[in-house]
2 protein chains.
Amino acid sequence: MTIAEESIPNVPEVVILRLPQYIRELTRILNEGTDVASSQQLGNRLQVTSAQIRKDLSYFGRFGKQGRGYKIHYLLKELRQILRLNQEWPTALVGVGRLGRAIIEYPGFSPQGFRVTAAFDSNSRQVGETLGQVTVQPMSQMEKVIRENGIRIGIVAVPAEQTQTVINKMVDCGINAILNYAPVSCHVPNGTKVRNIDPVLALQSMTYYLDPRT
Amino acid sequence: MTIAEESIPNVPEVVILRLPQYIRELTRILNEGTDVASSQQLGNRLQVTSAQIRKDLSYFGRFGKQGRGYKIHYLLKELRQILRLNQEWPTALVGVGRLGRAIIEYPGFSPQGFRVTAAFDSNSRQVGETLGQVTVQPMSQMEKVIRENGIRIGIVAVPAEQTQTVINKMVDCGINAILNYAPVSCHVPNGTKVRNIDPVLALQSMTYYLDPRT
DNA sequence: CGTTGTGAACGGCTTCACAGCT
DNA sequence: AGCTGTGAAGCCGTTCACAACG
């Protein structure tokens with residue numbers, strides 16, 4: 001409340017995209033037993049220039065000591081606070097087909113504070129089934145459950161044709177961060193963020209660089 | 001051979017990242033029964049300006065007709081050629097744990113010409129098992145198999161600690177395009193591309209925008 | 001001395017705007 | 001008229017370079 005967050009200017013989105021990487025790498029460095037790091041050291045490990053790291057951090061404050069570097073523990077605490085990672089984030093998954101199941105069972109989310117708290121599917125055959133810790137519910141329950149649990153993050157793993165419809169529903173339920181696994185580009189109102197996970201696009205953007213027969 | 005590809009200047013990587021999206025959306029438009037599209041129409045569907053699309057395409061040639069737009073079928077053919085998507089790309093997967101299995105069984109790759117042709121794991125318990133169409137082989141076979149099959153693309157789904165080692169091996173085998181599912185940033189020599197798939201980073205870069213209690 | 005924090009310079013992607021073709 | 005292709009302008013993120021400081 002008293003924190004001077006009001007003074008943070010418009011931070012470029014690329015900066016926000018890099019902060020989680022800083023957190024991840026700093027955590028790793030800390031686990032290796034080092035508790036201070038310079039922007040140079042961090043940059044080497046992430047293939048980023050030291051100036052970039054310092055500039056990125058400078059959007060939010062001063063976290064280092066000249067001549068020394070950054071106390072990792074402290075910097076991590078600050079970064080987590082900036083990104084609001086100091087809390088548990090419940091998420092709602094829609095679509096529990098093959099992909100959705102893999103997502104529910106993916107062990108990588110919860111250590112980072114993201115938990116699939118509710119799952120929905122339009123196929124009545126899946127409804128009622130319990131996967132991991134959650135029981136699949138019908139779409140008709142979505143708004144109620146999302147609002148009652150204060151869920152702000154949605155994960156979409158439905159077929160391409162249904163994606164935009166599902167996303168619209170999520171937005172109507174008050175969700176404004178969406179992780180989209182479907183291979184479609186989707187539209188959301190201002191104030192809602194979408195990140196797409198699409199391995200096929202990733203592959204297709206690499207083959208360009210594979211020269212024929214080398 | 002006679003194609004004037006030598007005249008293509010250094011294309012910004014962001015452009016290459018957008019081309020697959022153009023392909024995907026154009027394919028969808030074509031399937032809806034439309035066979036000509038303007039940069040404006042495509043841009044609306046992708047949330048991209050029409051100027052951006054025209055500029056992107058202009059790096060590679062002239063594919064439209066003034067006053068008309070682009071013949072989708074023709075443009076798609078050209079784009080696929082630019083990205084070398086007119087061929088099947090065999091890929092090698094390393095790591096057949098939970099995630100690796102999901103990748104092998106993911107039905108989205110093959111329609112786009114990517115096929116997991118070989119799978120490897122260092123755990124002898126998995127070796128010999130057949131998943132989908134491929135039989136898991138020991139790491140010792142990797143170089144031989146990759147070279148014999150002319151595999152240029154690798155997919156990594158091993159635990160974080162092993163990732164850099166596996167990627168180094170892949171590079172030694174002549175692979176220079178890598179899809180990395182592990183939550184680590186990795187180093188590769190010039191001439192090798194890496195794309196990372198990391199849903200956790202994606203989530204962590206969205207919570208920043210979720211203002212407390214709205 | 002080593003390293004941060006940062007204004008200024010730089011470079012490159014995006015947008016503009018219009019000539020030119022259909 | 002409608003839309004492409006593109007030089008030029010504009011904008012925005014990155015890099016530079018150095019004052020400041022432990």
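In the text below, chain A, chain B and the rest are named by the order of the sequence lines, each starting its count at 1.
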Practice problem: Remember a base hit wins even if backbone is also touched, and classify A:S50 as base, sugar-phosphate or nothing at under 4.0 Å, heavy atoms. | Solution: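 Counting heavy atoms under 4.0 Å across all strands, no contact is made by A:S50.
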Quiz item: Where does the angle between the aromatic ring planes of A:Y208 and B:F60 fall among parallel (under 30°), tilted (30 to 60°) and perpendicular (over 60°)?
Solution: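 Correct class here is perpendicular.
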Sidechain N-carboxylate O distance under 4.0 Å for [X], [Y]:
X: A:E105; Y: A:R98; result: no
X: B:E78; Y: B:K71; result: no
X: B:R84; Y: A:D211; result: no
X: A:E32; Y: A:R45; result: yes

Can you see if the side chain of [X] gets near the phosphate of [N] - specifically, an N or O under 4.0 Å from OP1 or OP2?
X: A:Q52; N: D:dT14; result: yes
X: B:R62; N: D:dC3; result: no
X: B:Y70; N: D:dG5; result: yes

Tell me the interatomic distance from [X], atom [atom1], to [N], atom [atom2], rounded to whole angstroms.
X: A:D56; N: D:dG13; atom1: CG; atom2: P; result: 11 Å
X: A:E13; N: D:dC12; atom1: CD; atom2: P; result: 14 Å
X: B:L75; N: D:dT4; atom1: CG; atom2: P; result: 11 Å
X: B:L42; N: D:dC3; atom1: CG; atom2: P; result: 14 Å
X: A:L17; N: D:dT14; atom1: CG; atom2: P; result: 10 Å
X: B:K71; N: D:dC3; atom1: NZ; atom2: P; result: 18 Å

Quiz item: Of A:K65 and A:T49, whose nearest nucleotide on DNA chain D comes first from the 5' end?
Solution: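 Closest to the 5' end, via its nearest nucleotide, is A:T49.
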Quiz item: Quick one: on DNA chain D, does B:A51 or B:Q41 contact a more 5' nucleotide (nearest heavy atom)?
Solution: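 Nearer the 5' end of the strand: B:Q41.
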Self-check item: Residue A:Q133 excluded, over 12 heavy atoms near CD under 6.0 Å
Solution: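 At most 12 heavy atoms, drawn from other residues, nucleotides or ligands, come within 6.0 Å of this atom.
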Quiz item: Take atom NE2 in A:H73; do more than 12 heavy atoms of anything else shown fall under 6.0 Å from it?
Solution: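 Atom NE2 in A:H73 is not packed in, count stays at 12 or less.
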Self-check item: Span of DNA chain C, from the first to the last nucleotide whose atoms fall under 4.0 Å of chain A heavy atoms
Solution: C:dG2 to C:dA8
Exercise. Please tell me which of B:P12 and A:R54 maps to the more 5' nucleotide of DNA chain C, matching each residue to the nucleotide holding its nearest heavy atom.
Key: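 Comparing both residues, the 5'-ward one is A:R54.
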Exercise. Tell me which nucleotide among D:dA8, D:dT4, D:dT15 gets nearest to the side chain of A:K55.
Key: D:dT15
